[in-house]
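Just so we're clear, the structure is a prediction, and the values are computed from it rather than from any experiment. Values reported hereafter were calculated over all heavy atoms of this structure, with side chains retained and with hydrogens, waters and symmetry mates removed. Naming: A, B, ... by sequence-line order, numbering from 1 per chain.
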There are 2 protein chains.
Amino acid sequence: MTVHQHGRYSTPVEDLPSRAVPEAAVGRLAIYLRVLTSMIEQGVTTMSSEELAGAAGVNSATLRKDLSYVGSYGTRGVGYDTAKLVEHIEQLLGLTRHHSVAVVGIGNLGHALANYGGFPDRGFPVTALFDVDEDLVGIPVGGLPVDHVNTIPEVCAEREVTIGVICTPASAAQIVCDLLVAGGVRCILNFAPVMLQVPSDVEVRRVDLAVELQILSFYQARRSPGPRAGAAPVDPVAVIR
Amino acid sequence: MTVHQHGRYSTPVEDLPSRAVPEAAVGRLAIYLRVLTSMIEQGVTTMSSEELAGAAGVNSATLRKDLSYVGSYGTRGVGYDTAKLVEHIEQLLGLTRHHSVAVVGIGNLGHALANYGGFPDRGFPVTALFDVDEDLVGIPVGGLPVDHVNTIPEVCAEREVTIGVICTPASAAQIVCDLLVAGGVRCILNFAPVMLQVPSDVEVRRVDLAVELQILSFYQARRSPGPRAGAAPVDPVAVIR
DNA sequence: GCAACTTTGTTCCTGCGTTCACAAGCGGCT
DNA sequence: AGCCGCTTGTGAACGCAGGAACAAAGTTGC
């Protein structure tokens, strides 16, 4: 029972699959991936580290080092083949096979996530929904019927859920987490404002709305004392779609 | 126009308000705050660094260092007065005054956020909702009518919005962002999967579902080759509420 | 009132991540 | 075919954050 939420290392033992990749680098790789697929759709077949870094908002040296973790697939004097690079990053991130997702807690947020359809981008199909509320059980949300939280272990094992998303109130999060772990789920995305206690082989990512807002509040608090920035210097000709 | 999303420093100039606080520390302080308010509700008036650190899942030395940023308000041999500490952390995080929040993009996620009511914890009232869809404009969501995105600059200036939350599709995010900035908003929470370009005095926090899932996928990919963990060693006697 | 224990606040140190800078390598041009 | 310029990949330095250890300080018990 360790507490290791967020930040920490990747491969404490076993450095066979390339050398250990820093966690921050993994996050950036996911961003490169998105930029790359977007560029490929626009017909771009080759990008230099400078271009890609610019689009991702990072230093080009950082980008090159990140890409060196996945292997050396660039051509000197030219740049990176976008298609090849996508392929290799996807492989490193384990996106070649699908990851079945379960959403627990079908409140406002859970409802929103369930309706995402195929979930952000491809490769993360939602295959199970759970809630405590008996009135919700059986009702389809986003085309999938809700099951009772008591059935989490069986259903998760049966449907081979790899990622559990916790959208319950804080008070229920730990219990739900234990049930997911019991069902063999070893990756958890936690939206509840609590630090989950999990076995060391379970990975938890926490997304905390309140913390994000408070960090923004902090930066707002220590600004130049000027009250508010000048109003509307940008043309309000909003042409969205 | 800098790109500085996430990570970076706090007070590049001006170290008047205590010394520069590392960004990571700010995030942890928000967590301490939650733990403390929870403990106060249970009648706890004093906590040692060891206790508080345990509850927050961090090292006690780290906690003491974090608290030293807000000032020295502990009593040696005793610990910290929970009420006093909450007060000082709230002051540092700028939570003493309210931060008016605007939500842009009333889709699944925007709908969920608008319905949060007073928004996570207290101090972040949602005072404006926006969408492009004419059919949505005027309809109240969570008790607040939706306005058209074209009116973002005026409405934000008028209602003194300090934090803008972007829940639009990626394609609209940058335009919406520009409109918020035009309305004087200098803190943005971005749920759209794009790196926003903003003036250097605007702070952007990004919450990216796809990236979080892909990071989990990465850790899942490089595990002990064993297929799935053993099933249900935990009693499924789920007694939630 | 004194001594011993407890807990804070801080200094030092270690280690990781980011950045800089350069050598190696590849394509294009003459 | 050889040279030139561009871009990658990596070795080394820098800087920050986290952890350990210690000194200062305050409280409790005698």
Query raised in the report: Along nucleotides 18-27 of chain C, 5' to 3', which nucleotides get a B, which get an S, and which get a -, given that the test is a protein heavy-atom distance under 4.0 Å?
Result: BBBB--BBBS
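In this structure, the side chain to side chain donor-acceptor pair (under 3.5 Å) partners of B:Y32, at least two apart in sequence or on a different chain, are B:D66. Under the side chain to side chain donor-acceptor pair (under 3.5 Å) criterion, A:N108 pairs with no residue at all, not counting sequence neighbours. For the side chain to side chain donor-acceptor pair (under 3.5 Å) test, residues two or more places apart in sequence or in another chain that qualify with B:S49 are B:R64. With sequence neighbours left out, the salt bridge (charged side-chain N to carboxylate O under 4.0 Å, His left out) criterion links B:E51 to no other residue. Residues forming a side-chain contact (heavy atoms from CB on, under 4.5 Å) with A:A170 (at least two apart in sequence, or on another chain): A:P193, A:V194. For A:Q42, the side-chain contact (heavy atoms from CB on, under 4.5 Å) partners two or more places apart in sequence, or in a different chain, are A:S38, A:M39. Applying the side chain to side chain donor-acceptor pair (under 3.5 Å) rule to A:T82 yields no partners; only residues at least two apart in sequence or on another chain are considered.
In this entry the distance linking NE2 of A:H88 with P of D:dT8 reads 16 Å, nearest Å. One can place CG of B:L52 at 13 Å from C1' of C:dT8, the figure rounded to the nearest angstrom. Computed from coordinates, the B:L85 CG to C:dG9 C1' distance equals 14 Å when rounded to whole Å. With rounding to whole Å, B:D81 atom CG is found 13 Å from D:dT27 atom P. For the pair B:L63 CG and D:dG19 C1', the computed distance is 13 Å after rounding to whole Å. As rounded to whole Å, 11 Å separates atom P of D:dG18 from atom CD of B:E23.
Proximity of a side-chain donor or acceptor of A:T96 to a complementary backbone N or O of A:Q91 within less than 3.5 Å is not detected.
Heavy-atom distances under 4.0 Å link DNA chain D to no residue of residues 42-50 of chain B.
OP1 or OP2 of C:dG9 lies within a sub-4.0 Å distance of a side-chain N or O belonging to B:Y80.
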